[in-house]
Student: 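Dropping a structure here in structure tokens format, bear with me for questions.
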Amino acid sequence: MPELPEVETTLRAIKSFEQYSVESIKVYNPNLRWKIDKNINKKIGGTKIRKIFRRAKYIIFDLNSYQLIVHLGMSGTLRIADIKDNFFKKHDHVELIFKKNKLIYNDPRRFGSIHVTESYDKHFLISKLGPEPLSKDFSKTYLYEKTRKSNTSIKNFIMNQSHVVGIGNIYASEILFKSSVDPRRKAKTISLIECEKITENSKIILQKAIQVGGTTLKDFYSAEGSAGYFKIQLSVYDREDQACVNCKNLITKIILNQRAAYFCNKCQG
DNA sequence: ATCTACTCCTGATTGC
DNA sequence: TGCAATCAGGAGTAGA
């Protein structure tokens, strides 16, 4: 669910917690994708958040001597609640307690994760990540060179976080549609011109999605708890058998690398 | 080095 | 209406 724009939206909503001290951290259920460190409260309780930032789809809390690496998986959300608010939602697993309010990590499927580390950039989840799609490192020449020997589909390629981060299943289909590239094409057959379209359109689409607060399909809520439902106009994703916005041809859905892929076989022929 | 298939888990939707 | 089968946005891992 959360791709880069959703994570960025969450980040912006909780940025105001910078400089706050974490009074304590409560773990109701440590069984996320990886078990949460038993000593998490000892390590970060009582310490101040210096900075909150995003790397790929991870939100990183930089505390005095530790960093918290939070991933929302497919169904995770962070929401802000008042300290006096004792309303408990199903699947609330962790609470970061502050003086006046708290940040609550909720994740029905528990595919997300929370790690405590002393140097996040060396962490196994972070160290092998590719460039940020909105940075100039994600350029046409980078993508062109990187794809030359790849036999996997271009859609699978751009969803691989070691090549470029932040692109998930929804935006992969959207980016390739806007770039007029068939998602099934082998990555190594993509031309330099097409690499330029893909990198440029990635930036445009992700930026636009961030502006409207992230896409949402079913269960994305902004950190404030309101339905973060500004669902951007999706051109192909989840539009099987509906008219292509360009040519009225019907949108095709296939399973590619075990994931749903949507495209227009005329525009992306 | 690359790639594919499998896997974790709950909830919403679909089909009978 | 009820119940079972199917599917879902992520991504590490084993094994080819």
Side-chain angles (χ1 to χ4, degrees), chain A residues 1-10 28-36 54-59 69-78 89-94 105-115 123-130 133 145-177 183-190 205-206 209-210 213-222 227-232 234-241 253-262:
Chain A
M1 161 211 111
E3 301 185 35
L4 187 145
E6 290 76 21
V7 177
E8 180 68 25
T9 300
T10 300
Y28 299 106
N29 183 356
N31 301 308
L32 303 184
R33 182 155 190 199
W34 290 273
K35 215 172 180 70
I36 298 177
R54 180 187 61 73
R55 172 71 176 110
K57 299 176 193 171
Y58 298 91
I59 292 177
I69 304 174
V70 177
H71 195 283
L72 301 174
M74 291 226 280
S75 57
T77 54
L78 279 172
K89 272 190 172 173
K90 196 173 182 185
H91 307 301
D92 282 351
H93 305 313
V94 177
Y105 180 89
N106 181 290
D107 186 3
R109 289 175 76 178
R110 288 186 278 121
F111 283 177
S113 62
I114 298 180
H115 284 92
H123 194 271
F124 78 102
L125 290 172
I126 307 288
S127 63
K128 297 194 177 88
L129 294 172
E145 282 162 22
K146 195 100 181 163
T147 46
R148 284 318 81 194
K149 286 176 180 171
S150 175
N151 280 307
T152 199
S153 68
I154 184 62
K155 172 170 177 285
N156 198 44
F157 188 93
I158 61 172
M159 286 173 65
N160 184 328
Q161 306 297 298
S162 68
H163 299 144
V164 56
V165 302
I167 299 173
N169 206 36
I170 297 176
Y171 293 116
S173 279
E174 294 297 313
I175 289 162
L176 294 175
F177 171 74
R184 296 168 293 186
R185 296 247 315 268
K186 283 189 178 211
K188 67 179 177 190
T189 70
I190 304 299
I205 287 173
L206 293 173
I210 290 169
T215 312
T216 320
L217 282 161
K218 293 191 172 81
D219 51 4
F220 173 68
Y221 288 85
S222 70
Y229 226 113
F230 313 93
K231 185 167 180 176
I232 61 163
L234 296 177
S235 300
V236 286
Y237 186 84
D238 207 23
R239 295 194 66 242
E240 185 182 19
D241 292 334
K253 175 190 179 181
I254 57 165
I255 299 299
L256 183 61
N257 305 97
Q258 276 84 248
R259 308 300 296 275
Y262 297 84

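Keep in mind that the numbers below use all heavy atoms, side chains included, and drop hydrogens, waters and symmetry copies. Please read these numbers as outputs of a predicted model, since none were measured by experiment. Naming convention: chains lettered A, B, ... in sequence-line order (proteins, then strands); numbering from 1 in each chain.
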Student: Name the pairing partner of dG15(B), where a pair is Watson-Crick or G-U wobble with both distances under 3.5 Å, or state none.
Tutor: dC3(C)
Student: Closest to the Tyr58(A) side chain: dG12(C), dG10(C), dG9(C)?
Tutor: dG12(C)
Student: Taking any heavy-atom pair under 4.0 Å as a contact, classify Arg33(A): base, sugar-phosphate, or nothing.
Tutor: base
Student: Are the ring of Phe111(A) and the six-membered base ring of dG10(C) within the stacking cut-offs of under 5.5 Å and under 30°?
Tutor: yes
Student: Could you give the distance separating dA11(C) and dA1(B) at their P atoms, to the nearest angstrom?
Tutor: 22 Å
Student: Given that Arg110(A) and Asn160(A) both sit by DNA chain B, which one's nearest nucleotide is further toward the 5' end?
Tutor: Asn160(A)
Student: Does Ser75(A) use its side chain to pair, donor to acceptor, with the backbone of Arg109(A) at less than 3.5 Å?
Tutor: yes
Student: Quick one: Leu4(A) CG to dA11(C) P, roughly how many Å, whole number?
Tutor: 11 Å
Student: Tell me whether the OP1 or OP2 atom of dC3(B) has a side-chain N or O from Asn156(A) closer than 4.0 Å.
Tutor: no
Student: Below the 4.0 Å mark, does dA11(C) have OP1 or OP2 next to a side-chain nitrogen or oxygen of Lys57(A)?
Tutor: yes
Student: Using modelled atom types and a 3.5 Å cut-off, is there a donor and acceptor pairing between side-chain atoms of Gln161(A) and backbone atoms of Ala56(A)?
Tutor: no
Student: In whole Å, what is the span from the NZ atom of Lys186(A) to the C1' atom of dT4(B)?
Tutor: 13 Å
Student: Taking the side chain as everything from C-beta on, heavy atoms only, tell me whether Leu4(A) gets closer than 4.5 Å to Arg54(A).
Tutor: yes
Student: Below 30° counts as parallel, above 60° as perpendicular, anything between as tilted: where do the rings of His163(A) and Phe157(A) land?
Tutor: parallel
Student: Quickly work out the Met74(A) CE to dG11(B) P distance and round it to whole Å.
Tutor: 14 Å
Student: Over how many whole Å does the gap from Met159(A) atom CE to dC3(B) atom C1' extend?
Tutor: 15 Å
Student: Name the nucleic acid region contacted by Gln258(A), choosing base, sugar-phosphate or nothing; use a 4.0 angstrom heavy-atom cut-off, strictly under.
Tutor: base
Student: Of Arg109(A) and Leu125(A), whose closest DNA chain C nucleotide lies nearer the 5' terminus?
Tutor: Arg109(A)
Student: Return yes if some donor-acceptor pair links the side-chain N/O of Arg259(A) with the main-chain N/O of Ile255(A) below 3.5 Å, else return no.
Tutor: no
Student: Rounded to whole Å, please give me the gap between CG in Asp107(A) and P in dC8(B).
Tutor: 16 Å
Student: Within less than 4.0 Å of OP1 or OP2 of dT10(B), is there a side-chain N or O belonging to His91(A)?
Tutor: no
Student: When you measure from the side-chain N and O atoms of Arg259(A) to the phosphate of dA11(C), is any distance below 4.0 Å, counting only OP1 and OP2?
Tutor: no
Student: In residues 146-154 of chain A, which residues come under 4.0 Å of DNA chain C by heavy atom?
Tutor: none
Student: Rounded to whole angstrom units, what separation is found between the NZ atom of Lys89(A) and the C1' atom of dT10(B)?
Tutor: 15 Å
Student: In whole Å, what is the span from the CD atom of Glu240(A) to the P atom of dA8(C)?
Tutor: 10 Å
Student: dG11(B), dG12(C), dT4(B): which one has an atom nearest the side-chain heavy atoms of Lys90(A)?
Tutor: dG11(B)
Student: What nucleic acid atoms does Lys128(A) come within less than 4.0 Å of, heavy atoms only: base, sugar-phosphate, or nothing?
Tutor: nothing
Student: Would Tyr58(A) and His71(A) count as a ring-ring contact (aromatic ring centres under 6.0 Å, His included) here? Give the steps.
Tutor: CA-CA 5 Å; Tyr58(A) 298 91; His71(A) 195 283; 4.7 Å; yes
Student: Please work out whether the ring planes of His115(A) and Trp34(A) are parallel, tilted or perpendicular, with thresholds of 30° and 60°.
Tutor: tilted
Student: Answer whether the closest heavy-atom distance between the side chains of Ile158(A) and Leu176(A) falls below 4.5 Å.
Tutor: yes
Student: Separation of Ile255(A) atom CD1 from dT4(B) atom P, in whole Å?
Tutor: 15 Å
Student: Measure from the side-chain heavy atoms of Lys253(A) and tell me the nearest of dA8(C), dG10(C), dT10(B).
Tutor: dA8(C)
